[in-house]
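Please read the structure below before turning to the comments.
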Amino acid sequence: MRILSSLTRAAALGVAAVLVATALTGCGDEAADAADNPYGLLQPGVLRAGTLTDAPPNVYLKDGKFTGFDNDLLVAVAEKVGLKVEFVGTDFSALLSQVNNRKFDVGSSSITITEARKKTVDFGNGYDFGHFGLDVPAGSSITGFDQLAGKRVVVVQGTVQDDYATGEGLDPVRVPDYNGAINQLKAGTADAWIAPAEIGDKSAADSAGKITVAAKLLSPAPTAYAVAKGNDKLREALNKGLDEVIADGTWSRLQAQYYPGRPIPADFTPGSGTVPVPSASATS
């Protein structure tokens, strides 16, 4: 009986040792993972970004490559913190929930910061301002936002333009993407489209005279990149990278490239507001 008792104690000690070793190994793995992937990315070193394919000049596909002001800026920001960007196309209406569910590390699509959206995702510092554009079919008598009552107004679902139209009691027609809105205007099945102004301008210019811009309205809040709730390390890293590309002139050069001649409101400052913003001419 004493022999069995001794063997039992030895076995127990052996099991305990194995458990301790396993726990220590697990802690080591976790520490290594944290060191290799400090921002909790889906793939260490790669920023997986959800974006749109059809919203030039902000976010779009050109020759099979994701580009546009927002996406080119994100690539530059990510490079500052040692990350590469992998873009994936999606619909705007699903983007924020996909970011918070960690399908994407970040959302890049001229996302205006709103209190309602803060309940779903966290935002970095603002990198751009925006206007609402009012696009109408050529020959339309509509010249302003105050003439939309009773009209068939199209918006992209889930955007701040959707919020604006709903808040104005317009009962808008919602479509999943910008091409859907443009096609409705061209076909004459919508009287107006409330769009991000830059996208509305580009769409009108590319419409061969079928669409015109009737009016513009300054958006009340800046646009920013979205990350999952609580991912403070990634948000802070993107804020740091944004300030660096503002300071080195990249932000100003991209503004001039994608929005030539567009004035910047006097009360808008990109990033944290703690770094100077060089003019595009000073960085060219």
Side-chain angles (χ1 to χ4, degrees), residues 38-39 41 45-47 49 51-52 55-60 62 65-85 87 99 105-115 117-118 121-133 160 196-202 216-228 231-284:
Y39 308 124
L41 304 178
V46 178
L47 190 65
T51 188
L52 276 60
N58 299 19
V59 286
Y60 62 102
K62 181 178 181 181
K65 178 184 177 182
F66 285 96
T67 187
F69 173 78
D70 300 63
N71 288 342
D72 286 5
L73 182 68
L74 182 59
V75 170
V77 168
E79 186 176 356
K80 292 293 187 181
V81 294
L83 300 175
K84 295 182 179 180
V85 183
F87 291 105
V99 169
D105 299 308
V106 64
S108 171
S109 184
S110 292
I111 308 169
T112 301
I113 301 172
T114 69
E115 291 304 314
R117 289 173 177 175
K118 287 180 181 179
V121 294
D122 287 340
F123 288 100
N125 292 330
Y127 62 78
D128 201 13
F129 61 96
H131 294 78
F132 296 164
V160 288
E198 295 78 19
I199 297 170
D201 288 348
K202 184 71 164 57
K216 294 182 182 180
L217 181 67
L218 184 64
S219 179
T223 61
Y225 298 116
V227 301
N231 195 347
D232 294 336
K233 288 186 177 181
L234 178 58
R235 178 180 55 80
E236 291 166 1
L238 295 178
N239 284 343
K240 176 178 178 292
L242 176 59
D243 274 356
E244 291 182 17
V245 299
I246 293 168
D248 72 12
T250 300
W251 183 88
S252 297
R253 288 195 298 271
L254 291 174
Q255 282 278 325
Q257 175 184 341
Y258 285 103
Y259 312 126
R262 184 184 73 162
I264 298 174
D267 59 351
F268 174 75
T269 303
S272 67
T274 62
V275 296
V277 183
S279 66
S281 59
T283 60
S284 60

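- The two residues P57 and E198 make their nearest non-hydrogen contact at CD-O, 3.4 Å.
- Counting heavy atoms from C-beta on, the side chains of K216 and D201 come closer than 4.5 Å.
- The shortest non-hydrogen separation linking D248 to K80 is OD2-NZ, 2.8 Å.
- The line from CG of N239 to CD of E236 is 7.5 Å long, rounded to the nearest 0.5 Å.
- Taking the six-membered ring for Trp and thresholds of 30 and 60 degrees, Y60 and Y258 have ring planes more than 60 degrees apart, a perpendicular arrangement.
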Test side chain to side chain contact (heavy atoms under 4.5 Å, CB included) on D232 and D122 and set out the steps. CA-CA 8 Å; D232 294 336; D122 287 340; 4.2 Å; yes
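- Taking 4.5 Å as the limit, every side-chain heavy atom of V59 sits out of range of all side-chain heavy atoms of S110.
- For D243, there are no salt bridge (charged side-chain N to carboxylate O under 4.0 Å, His left out) partners at least two apart in sequence or on another chain.
- To the nearest 0.5 Å, atoms CG (L73) and CG (L242) are separated by 6.0 Å.
- Of all non-hydrogen atoms in A247 and P278, the two that sit nearest each other are O-CG, 3.6 Å.
- Checking side-chain atoms of R235 against main-chain N and O of V227 turns up no donor-acceptor pair under 3.5 Å.
- Remark: the Y225 side chain and the D70 side chain contain no N/O donor-acceptor pair separated by less than 3.5 Å.
- In this structure, the separation between CG on L74 and OH on Y127 is 8.0 Å, given to the nearest 0.5 Å.
- For the residue pair S108 and N71, a side-chain donor N or O sits within less than 3.5 Å of a side-chain acceptor on the partner.
- Put simply, NZ on K233 and CG on L41 are 11.5 Å apart, with the number rounded to the nearest 0.5 Å.
- Annotation for A78 and V85: closest pair CB-CG2, 3.5 Å, computed over non-hydrogen atoms.
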Run the side chain to side chain contact (heavy atoms under 4.5 Å, CB included) test on L47 and L238 for me, step by step, so that the C-alpha distance in whole Å, both residues' side-chain angles and the decisive distance to 0.1 Å come before the verdict. CA-CA 11 Å; L47 190 65; L238 295 178; 4.2 Å; yes
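- Here R262 pairs with D128 in a salt bridge; the nearest charged N to carboxylate O distance falls below 4.0 Å.
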Given the rule in the side chain to side chain contact (heavy atoms under 4.5 Å, CB included) test, do V160 and R117 qualify, once you have shown the distances and angles that lead to the verdict? CA-CA 10 Å; V160 288; R117 289 173 177 175; 3.6 Å; yes
Walk me through it: do T112 and T223 pass the test side chain to side chain contact (heavy atoms under 4.5 Å, CB included)? CA-CA 4 Å; T112 301; T223 61; 3.9 Å; yes
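- What you find for A55 and I199 is that their closest heavy atoms are CB-CD1, 3.5 Å.
- Smallest separation of non-hydrogen atoms from S109 and L52: OG-CD1, 3.1 Å.
- Considering Y259, F268, F69 as possible partners of F129, the one that fulfils the ring pair (Phe, Tyr, Trp, His ring centres under 6.0 Å) test is F268.
- Here CG of L83 is found 9.0 Å from CG of D105. Values are rounded to the nearest 0.5 Å.
- Of the possible polar contacts, none joining the T51 side chain to the F87 backbone as a donor-acceptor pair under 3.5 Å is found.
- From L217, atom CG reaches atom CZ of F132 across 6.5 Å, with rounding to the nearest 0.5 Å.
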